[in-house]
2 protein chains.
Amino acid sequence: MTSLHERIRSDIENRIMGGDLAPGDRLPIEAKLMEQYGCSRMTVNKAISALAATGLVERRRKAGSFVARPQAHAMVLDIPDLAEEVRGRDQEYRFRLIHRETAPAEASDLQPTHQFGIAPITGPSLLTIGVHMADGRPFAYERRVVSLTAVPEIEDAAFDPESPGSWLLQHVPWTEAETNISATGANEREARSLKITPGAPCLVLARRTWRGEEHITAVRQLFIGESYSLDARFGSARK
Amino acid sequence: MTSLHERIRSDIENRIMGGDLAPGDRLPIEAKLMEQYGCSRMTVNKAISALAATGLVERRRKAGSFVARPQAHAMVLDIPDLAEEVRGRDQEYRFRLIHRETAPAEASDLQPTHQFGIAPITGPSLLTIGVHMADGRPFAYERRVVSLTAVPEIEDAAFDPESPGSWLLQHVPWTEAETNISATGANEREARSLKITPGAPCLVLARRTWRGEEHITAVRQLFIGESYSLDARFGSARK
DNA sequence: CAGTGGTCTAGACCACTGA
DNA sequence: CAGTGGTCTAGACCACTGA
């Protein structure tokens, strides 16, 4: 049994999706909907507010509620956990550690995401470089810096076959994250580790995570082009 | 003056972000919050429900409300309008049309997003190929198929200097969209149009949009690597 | 089986803003 | 200045689920 506000919400959503209500059209006012569904105003308000929260409807005082003109803005991006994704394809996942170093991390060389216009990790930190592998084949090159101020206990962790990312997710959940997505050619070192040609196109994910105000980690992952991609969605789930 | 439910919401959010409430911790029950804030249950419910909707809090009956363990899943991806973005940098935007063709669009060659495991556009369609330019320099190569069944009036539109994407956004807003992001090397034709070397790394956005059940357009945009990137976010806005 | 959240009511006063 | 949404109250009954 779905709730009444959920039913009102999906009724209106269907009318929009079906083309019955076009972008720019005005929705019935709350009083009208109360009458139609025989319910209180809080209930219709909850239904339409939910539609407004997802961007499908725009509410304006005095004027009414309108079907919004969707923009390409604010799609929902799915960034799956690499180990999970590989295992979901019935392949064997492994992280191979190439380099590990404790450093003050002031050299910008250690900062895998300096393209962000935000402060780098300061203070002592752990640098890890490694390769994500599926069925023994490398598919992503990862360079990561972890703040030892925020996560001192990571110094005792081993990162093979588990990745530092998985370890962090288990031990130090973050509350905020920023990801930058771009494309670049693999440099010589990356190409060697990934067994591809230098300059071969790769997808780059550069991510920083925080716990409150405290910076946890910055990571740059290089995926072999065309063997990896990301998906983003707007609107109701499509089969 | 912010509303009370908004204040309760941000109070709790700050306690989570500040580390006062850690992931897995239990929030005060609604009755407790009603008492603390001297308000009705609907108000605290609205505040905590909002936190639950953004994924920061998880609610369980009988057990209570808990600070969630954030996953890398479901970040919000910002896909800006190209023309707007270029003009925002005080550059001149222009779309240069290279090719235009009306076709039955059954050849998979016309389907710029065949990597999606979903049905291609069927029936008559318009194919456009062009280049997005900033200050006279090309930065993105675009191949697009528009359904003439869904948008017959597009046959009369001109696409230079306005892009078919802008035209569509003005005339036929969509309700659902799917975007796939990958990296690839430019082929010869693309490289020539973008004035780059064949094989140079590029970021690829392949997008399909629908209006309800009806397929509107499929587009594949190739951005010159490192000169373009996308951003995604999770958590509260960071300055 | 008792504690917790899910939902809903029937009001109320107010803030904004477009006609 | 009147119509619309924004917010809030003080209740109520219920569904779920963990102790």
Side-chain angles (χ1 to χ4, degrees), chain A residues 1-16 20-71 74 236-237, chain B residues 1-16 20-70 236-237:
Chain A
M1 179 58 190
T2 63
S3 59
L4 180 55
H5 75 258
E6 192 49 54
R7 225 190 76 214
I8 299 175
R9 189 196 128 111
S10 77
D11 276 3
I12 295 173
E13 195 171 295
N14 288 338
R15 287 176 63 191
I16 294 173
D20 186 16
L21 283 167
D25 281 1
R26 186 176 170 174
L27 262 53
I29 63 168
E30 296 190 343
K32 189 77 187 168
L33 290 169
M34 287 167 65
E35 195 186 301
Q36 275 176 28
Y37 287 93
C39 67
S40 76
R41 192 170 152 227
M42 277 300 284
T43 303
V44 302
N45 184 282
K46 189 167 188 173
I48 306 183
S49 293
L51 290 169
T54 65
L56 202 59
V57 158
E58 199 183 327
R59 314 198 79 181
R60 291 203 296 272
R61 280 179 182 170
K62 160 78 181 178
S65 301
F66 301 84
V67 180
R69 301 189 176 271
Q71 303 289 325
S236 63
Chain B
M1 176 60 187
T2 63
S3 58
L4 179 53
H5 73 257
E6 191 50 53
R7 225 190 77 214
I8 299 175
R9 188 196 128 111
S10 77
D11 276 4
I12 295 173
E13 193 171 296
N14 288 339
R15 286 176 62 191
I16 293 174
D20 186 14
L21 282 168
D25 281 2
R26 186 175 169 175
L27 262 56
I29 64 168
E30 296 190 342
K32 188 78 187 168
L33 290 169
M34 289 166 64
E35 194 187 301
Q36 275 177 29
Y37 288 93
C39 67
S40 76
R41 194 172 149 224
M42 277 300 284
T43 303
V44 302
N45 184 283
K46 189 166 187 171
I48 305 184
S49 294
L51 290 170
T54 65
L56 203 59
V57 158
E58 198 184 326
R59 314 199 79 182
R60 291 203 297 273
R61 281 181 181 168
K62 160 77 181 181
S65 301
F66 301 84
V67 180
R69 301 187 175 273
S236 64

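Heavy atoms only: backbone and side chains are in, while hydrogens, waters and symmetry mates are out. So that the names make sense, note that chain A is the first sequence line, chain B the second, and so on, each numbered from 1. Model, not experiment: these values are computed from the prediction.
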Whole angstroms only, please: what is the [atom1]-[atom2] distance between [X] and [N]?
X     : N     : atom1 : atom2 : value
B:N45 : D:dT7 : CG    : C1'   : 14 Å
B:L51 : C:dG5 : CG    : C1'   : 15 Å
B:I8  : D:dT7 : CD1   : P     : 12 Å
A:E30 : D:dT4 : CD    : C1'   : 8 Å
A:I29 : D:dG6 : CD1   : P     : 13 Å
A:R7  : C:dT7 : CZ    : P     : 14 Å
A:E58 : D:dG6 : CD    : C1'   : 16 Å
B:L4  : D:dG6 : CG    : C1'   : 13 Å

*With DNA chain C as reference, determine whether A:T2 or A:R61 sits nearer its 5' end, using the nearest nucleotide of each.*
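Result of the comparison: A:T2.
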*asked:* For A:R60 and B:L27, find the nucleotide of DNA chain C closest to each by heavy atoms; which residue's nucleotide sits nearer the 5' end?
replied: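 On the 5' side of the pair lies B:L27.
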Does [N] have OP1 or OP2 sitting under 4.0 Å from an N or O in the side chain of [X]?
X     : N     : answer
A:R26 : D:dT4 : yes
B:S3  : D:dT7 : yes
A:T43 : C:dT9 : yes
A:S65 : D:dT4 : no

Please pick, from [options], the nucleotide with the shortest atom-to-atom distance to any side-chain atom of [X].
X     : options               : answer
A:A63 : C:dG11, C:dG5, C:dG18 : C:dG18
A:R59 : C:dG5, D:dT9, D:dG6   : D:dG6
A:M42 : D:dG5, C:dG5, C:dG11  : C:dG11
B:K62 : D:dC8, C:dT9, C:dA2   : C:dA2
A:S40 : C:dA10, C:dT4, D:dT4  : C:dA10

*Of all the heavy-atom pairs spanning B:R26 and B:L21, show the shortest one and how long it is.*
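So the minimum-distance heavy-atom pair works out to O-CD2, 4.2 Å.
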*Quick one: closest heavy-atom pair of A:P23 and A:A68, and the distance?*
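Nearest pair, atom of A:P23 first, then A:A68: CB-O, 3.7 Å.
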*asked:* With side-chain contact (heavy atoms from CB on, under 4.5 Å) as the test, pick out the partner of B:I12 among B:V44, B:D20, B:L51.
replied: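 Checked B:V44, B:D20, B:L51 against B:I12; only one passes side-chain contact (heavy atoms from CB on, under 4.5 Å): B:L51.
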Are [X] and [Y] packed together at the side-chain level, in the sense that at least one heavy-atom pair is separated by less than 4.5 angstrom?
X     : Y     : result
A:Q36 : A:D11 : no
A:R9  : A:L56 : no
A:E13 : A:I16 : no

_Between D:dG5 and A:R41, counting only base atoms on the nucleotide and side-chain atoms on the residue, is there a donor-acceptor pair under 3.5 Å?_
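Such a pair is found, so the answer is yes.
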*According to the Watson-Crick and G-U wobble definitions, with both distances under 3.5 Å, which nucleotide is paired to C:dG11?*
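Partner of C:dG11: D:dC8.
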_C:dT17 - base-pair partner by Watson-Crick or wobble geometry, distances under 3.5 Å_ =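 Pair assignment: C:dT17 / D:dA2.
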